[in-house]
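In what follows, every chain begins at residue 1, and chains take the letters A, B, ... in the order their sequences are listed.
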Number of protein chains: 2
Amino acid sequence: MEQLRKAITTISPLSHESMDVYLSAWKHWSVAKDHYLLREHAVSDYIYFIKKGVARIFYHKNYKEITEWIAMDEQFFLSITSFFNRTPSHLVIHTLEPSEMYGIHHNDFMRLADQYHDIERLLRKMVTSSLILSQIRVDSIQFESAQQRYDRLLKYSPRIIQRVPVSYIASFLGVTLETLSRIRSAK
Amino acid sequence: MEQLRKAITTISPLSHESMDVYLSAWKHWSVAKDHYLLREHAVSDYIYFIKKGVARIFYHKNYKEITEWIAMDEQFFLSITSFFNRTPSHLVIHTLEPSEMYGIHHNDFMRLADQYHDIERLLRKMVTSSLILSQIRVDSIQFESAQQRYDRLLKYSPRIIQRVPVSYIASFLGVTLETLSRIRSAK
DNA sequence: AGGTTCGTTTGATATATATCAAATAAAGAC
DNA sequence: GTCTTTATTTGATATATATCAAACGAACCT
């Protein structure tokens with residue numbers, strides 16, 4: 001729990017009381033490699049924090065798997081539309097290594113944000129970071145070539161490339177695996 | 001100011017006190033058609049609300065104008081990255097009709113959010129809506145054809161098409177004006 | 001160790017959209 | 001109302017990436 005506490009404090013510090021009630025709302029999962037942590041949830045309304053390992057978050061679209069995010073290294077992640085709109089995303093979380101993670105349910109988070117000003121502020125800052133990332137992604141998809149998107153990933157998340165199969169990275173970058181393979185061999 | 005008050009209340013209701021201090025932090029501009037409301041700002045750190053008229057929000061990228069948003073009908077809008085990251089976006093706001101709008105400065109909004117829990121909640125909800133829109137846009141750019149994106153605009157914002165030149169709409173949809181012209185004539 | 005499955009690379013072709021260029025059409029100026 | 005500028009349409013070609021298909025390589029199974 002210490003890593004989660006630290007990650008939260010970095011985003012926005014909480015009072016002792018807020019931190020206590022907030023942390024106790026988080027659940028913990030510890031799973032093996034190749035485990036489908038969340039398949040049963042039709043609507044995914046958790047925010048997750050990955051303590052250890054690697055997880056791939058994907059959903060199905062036209063009978064294909066779309067990798068929405070690859071989480072590792074003490075990151076927070078969530079299915080944005082599913083979490084906030086409460087619409088089904090059929091989100092799947094699949095571990096690529098033995099992993100540990102925490103999760104907090106939408107209802108708990110909202111209830112606490114309502115009670116504690118500093119938890120509301122924390123939530124606002126988390127949503128804001130997410131929004132900035134989303135905007136960067138819009139820009140990247142709209143104006144960058146597949147090559148440039150790969151270079152960006154290589155620059156900002158070099159460890160993903162070492163630990164995750166090419167096919168998942170391709171989907172995450174929004175290209176086919178063949179195209180990504182060609183990009184990599186051209187180097 | 002009544003429309004602004006109402007729009008705020010719809011997102012998240014405020015106490016009388018909060019609403020008073022909050023509304024008084026908003027500035028008002030009234031401008032003619034074809035007016036560059038914000039050209040001088042290298043960093044745009046306002047959230048705007050358009051009361052009347054139509055405005056195009058764009059920035060320059062590789063010597064081209066990229067239409068980031070077309071605002072009308074009592075909408076809020078902002079340059080996300082510029083507002084939250086305080087990085088220069090060289091955002092330009094250009095009115096396409098005689099228009100009236102309000103704006104609140106980043107510093108004022110943050111100060112009030114810090115003081116009043118309900119203003120913090122309002123900010124969180126505004127950021128959340130923005131995030132959901134941004135995600136829809138990611139999805140749209142990544143998986144929809146130009147035709148489908150145009151159809152979506154036609155469905156959800158039919159008035160934009162009537163009041164805004166094709167070239168701006170094309171840029172907003174992320175296609176060239178030639179392509180948009182072909183899409184329209186194919187109907 | 002050999003066979004089977006899974007992941008990656010390589011090749012040929014198709015497709016959507018961009019780019020370049022020119023022709024119309026519409027709008028604004030005097 | 002004609003002239004000039006600006007916006008839109010139409011046409012020909014180029015380009016990045018997808019799709020389909022096959023070959024190759026690596027990893028896991030008993």
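The base of D:dT19 lies close enough to the side chain of A:Arg182 for a donor and an acceptor atom to sit less than 3.5 Å apart.
Protein atom CD of A:Glu65 is 14 Å distant from nucleotide atom C1' of C:dC6, rounded to whole Å. A straight line from CD1 of B:Ile183 to C1' of C:dT17 spans 9 Å, rounded to a whole angstrom. Atom CZ in A:Arg184 sits roughly 8 Å away from atom P in C:dT8 (whole-Å rounding). In this structure, the CG atom of A:Asp34 is 12 Å from the P atom of C:dC6, given to the nearest Å. Rounded to an integer number of Å, the gap from CD of A:Gln142 to P of D:dA16 is 18 Å. When the P atom of D:dT8 is taken as reference, atom CD1 of B:Ile161 falls 13 Å away, rounded to whole Å. Taking atom OH of residue A:Tyr150 and atom P of nucleotide C:dT8, one finds them 11 Å apart after rounding to whole Å. The separation between B:Ile141 atom CD1 and C:dT17 atom C1' is 15 Å, rounded to whole Å.
In this structure, A:Glu144 and B:Val166 both approach DNA chain D, and ranking their closest nucleotides by distance from the 5' end singles out B:Val166.
Between A:Lys64 and the phosphate of D:dT19, there is a side-chain N or O to OP1/OP2 separation shorter than 4.0 Å.
Using a 4.0 Å cutoff on non-hydrogen atoms, the parts of residues 172-181 of chain B near DNA chain D are B:Leu177, B:Glu178, B:Ser181, ordered by number.
The aromatic ring centroids of B:Tyr168 and B:Trp69 lie 6.0 Å or more from each other.
We find that B:Glu65 and B:Arg56 are joined by a salt bridge, their nearest charged nitrogen and carboxylate oxygen being less than 4.0 Å apart. Note on B:Asp118 versus B:Arg121: no salt bridge recorded, every NZ/NE/NH1/NH2 to OD/OE distance being 4.0 Å or above.
Under the 3.5 Å distance criterion, with hydrogens and angles disregarded, no donor-acceptor pair is assigned to the side chains of B:Gln135 and A:Thr81. A donor-acceptor contact closer than 3.5 angstrom links the side chains of B:Glu17 and B:Tyr116.
Taking hydrophobic clusters as Ile, Leu, Val, Met, Phe, Trp and Tyr residues chained together by side-chain heavy-atom distances below 4.5 Å, B:Phe76 shares a cluster with A:Leu131.
The 12-atom threshold is not exceeded at NZ of B:Lys33, counting heavy atoms of other residues, nucleotides or ligands nearer than 6.0 Å.
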